[in-house]
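Remarks on the structure that follows.
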Amino acid sequence: MRTWLHRQTFRPDITVVVFFGVVAVFFYGSILWTGYMSLTRSTLIPNYNFAGFDQYIRLFTNQRWLVSCLNMVIFGVLYIVGTLAFGTLLSVFADRRIRAESLFRTIFLYPLAVSLIVTGLSWRWVLDPVNGLQGLVRGMGWESFTFDWLTDPDRAIYTLVIAGIWHSAGLIMVIILAGLRGVDDDLWKAIRMEGIPLWRAYLQVIFPGMRPVVTSCVVLLMSDVIRGYDLVIAMTKGGPGIATEMPAKFAVDYYFARVNLGLASAASISMLVLSLLLLAPYFYSEFRRRM
Amino acid sequence: MKFRHLLSTMSILGTFAASSPVLAQTVDVQHYWTSSSESKAMNTIADSFKERGGKWIDSPSADFDAALAAATSRIAGGKPPSAILMTPNSALRDLAASGQLRDFDDLAAKGGWQKVMAPIVWDKLNVGGHLVALPVGVHAQNWVWYSKPVLEKLGISEPKTFDELFAAADKIKASGGIGIATGGEPWQQVGILYSAILALGGPEYWNELIVKRSPDALKSPVLGKAFDIFRKVSTYADPASPGRSWNDTTNLVVTDKAGFQFMGDWARGEFLAAGKVAGKDFGCLLTPAEKPGYAILIDVFAFPVNTDDDRIKGQTLLADSIMEPAVQEKIAEVKGSVPSRTDVDTSKLDTCAQIGSKTLATPGAAVQAAYDALAGDLNGQVTDLAGQFWTDKSMTTEAAVESFGKILQSE
């Protein structure tokens, strides 16, 4: 067996060709097909008659799509900023060599092991105005206590942000903590010698040097935002009304329940373009640095 | 030793292979009937099918959309289910037009099925002149359900108009109950809007507006009034309403916590499953109208083309089970629908079902519900609009009517 393995000459080129073949067919092929579908009037079954940009016009005059896009921006900004802030804060605390650090690290990382569906359902129960937190506090005697964001169309989107931050802050904490542990000890010695207060040391010396780590976190979180589907399904189902609809849910609903393959494909392609636009600055800066 | 082991394994496998033709007649049923009354109805079909010697594979999904999504992906993936529970909507027409569905013209001719179905039902089951779906029951959307004890306690009689209904709901609200129980899912909300349109406009207007989508009908003042009533109903929503499922909402009326609910007659099944009796514990009326309409939604089974002989035979056997009058009656009894066969004995059904079958038989009263009648994703778009109008109180009636018109004219 062993000698047989040794006799085989490893051909990296073949492996690479197979790999790229698979990627080309299943990844780029699917994108191309979706792009083509978005230019047809397909409903349940694909229809290959070209229909121009009709679906895109319908899409961008569709109220629900526009609300979905706006929601993605609101959710995205708050979720990314919130998770980064909270995760960074946790990692700084952990970085101060506290006692039982690994215990806390595990506790904060734990939500990540819970699926988004379970996260959403639990938060939905907690935030339910009748049976959840509000009902509990009122039951204890504080009758006027009100926390009904989940059922308030103007605020429901923020409950998604809360659940999202709870879910991802631990991951960001661990990544940033890893970055902090990579900081050279000499730098810390210099900081101590200069007598710089701790908060200034982190804000002005340590974090500016950790730009690549933070950028990776942002990209990671951004992908959560763009494919945001399960959390919405479990927590609000897009409601009240269409107050918490998201583009990914729009596409899935139109693909299946509303059997409009054309419009759903147009939505998917728009999401792809949107994410490329959002990620372009990142790729650009990475590319420039390597030059 | 090893060899003997292999032999015995092979012989066991061989027995399985040989016995499968005997098992035969398998159906794999993709459905979404999971509430207590619904599962009773599905079991009625399954039991009748099993009695005839068939093998039943149950593939349930949580709701209608999920079941259809699962079924279409299975068809696209080349492993179709042998029967899908759905309604005769544009998805059914699409599936049939692309040749994905088995037709039952031969069985229908043999069984004389066309003669025993109301014409509006028969028309919905046929696509391009072929019978591609079999009905399990006829539901209607525009019902109102109420708790008798709640109304009796406050001395309220059954409302005859919307004004009386709202006055009654106010009284219940003042006494500490929920006036009108509403579930905060868009499909439940849009049902109330459709019921209001049908009640105010009557069946002929409904056909002009929803079925023919004529631009003149959009100019009628009926639409604005219907949106106003819809808005008025929304003001009775309790804090726990958003996201609540229809059967949990019906349960509020069942347990006398709420007075009224606007819901299709599948709600009756939930009352019955809780051991309540129509006319004694709960009451029913069609949404108050001068000329009552009956917006029918038919539950049907569609049968994707299967190539396996077992499964084809299973489909035939299932078709016979579904069309059996005794099964049709039993389903109506447990689920709250009206039998789709007109030759079924309805004398045993309760007062609400009697109202239903009488209205269905009234010429000109039955109309297609919007879910089936609207082409493509129009119903979905109206549902979004209704959900938005329900929650966003700053949206004016004029704006809603205008968006409604735009949606109906967009196809």
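Chain letters run A, B, ... following the sequence lines, proteins first and then strands; every chain starts at 1.
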Within residues 126-155 of chain A, which positions have a heavy-atom distance to chain B below 4.5 Å?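 So far as heavy atoms go, A/Pro129, A/Val130, A/Thr151, A/Pro153 are the residues that approach chain B to under 4.5 Å.
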If contact means a heavy atom pair closer than 4.5 Å, which residues of residues 29-42 of chain A contact chain B?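 Interface residues of residues 29-42 of chain A: A/Arg41.
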For chain A, find which of B/Gln381, B/Gln189, B/Arg93, B/Gln100 contributes the most heavy-atom pairs closer than 4.5 angstrom.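 Maximum pair count with chain A is reached by B/Gln381.
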Just give me the residue among A/Thr236, A/Asp253, A/Thr43 that pairs up with chain B most often, heavy atom to heavy atom, under 4.5 Å.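 Most heavy-atom pairs within the cutoff with chain B belong to A/Thr43.
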Name every donor-acceptor pair, under 3.5 Å, that has one atom in a side chain of residues 159-166 of chain A and the other anywhere in the protein, sequence neighbours excluded.
unit_1, atom_1, unit_2, atom_2, d
A/Thr159, OG1, A/Ala156, O, 2.5

How about [X]: does its [atom1] atom have over 12 heavy atoms from other parts shown lying under 6.0 Å from it?
X	atom1	value
B/Lys393	NZ	yes
A/Phe50	CZ	yes
A/Phe20	CZ	no
A/Tyr229	OH	yes

Between A/Tyr255 and chain B, with a heavy-atom cut-off of 4.5 Å, which part of the residue counts as in contact: side chain, backbone, both or neither?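 Neither part.
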B/Leu95 versus chain A, the contacting section by heavy-atom distance below 4.5 Å: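 Both parts, heavy atoms under 4.5 Å.
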Contacting region of B/Glu185 [heavy-atom separation from chain A under 4.5 Å]: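 Side chain only.
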Taking the side chain as every heavy atom from C-beta outward, state whether [X] and [Y] have any atom pair closer than 4.5 Å.
X	Y	result
A/Glu245	B/Gln388	no
B/Asp377	A/Val259	no
A/Arg258	B/Asp384	yes

Identify every side-chain donor-acceptor pair in residues 252-260 of chain B under 3.5 Å, counting partners at least two apart or on other chains, and give the distances.
unit_1, atom_1, unit_2, atom_2, d
B/Thr255, OG1, B/Asn251, O, 2.8
B/Thr255, OG1, B/Leu252, O, 3.4
B/Asp256, OD1, B/Ser147, OG, 2.7

Of the non-hydrogen atoms in B/Pro186 and A/Gly241, which two are nearest, and what is the gap between them?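 Heavy atoms of B/Pro186 and A/Gly241 come nearest at CG-O, 4.2 Å.
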Rounded at 0.5 Å granularity, tell me how far CE in B/Met395 sits from CD in A/Gln63.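 If I round to the nearest 0.5 Å, the distance is 7.0 Å.
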To the nearest 0.5 Å, how far apart are CG in B/Leu385 and CD1 in A/Ile242?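 CD1 of A/Ile242 is found 8.5 Å from CG of B/Leu385.
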N-O pairing of A/Lys237 and B/Asp63 below 4.0 Å: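 Looking at B/Asp63 together with A/Lys237, the answer is no, because their closest N to O distance does not fall below 4.0 Å.
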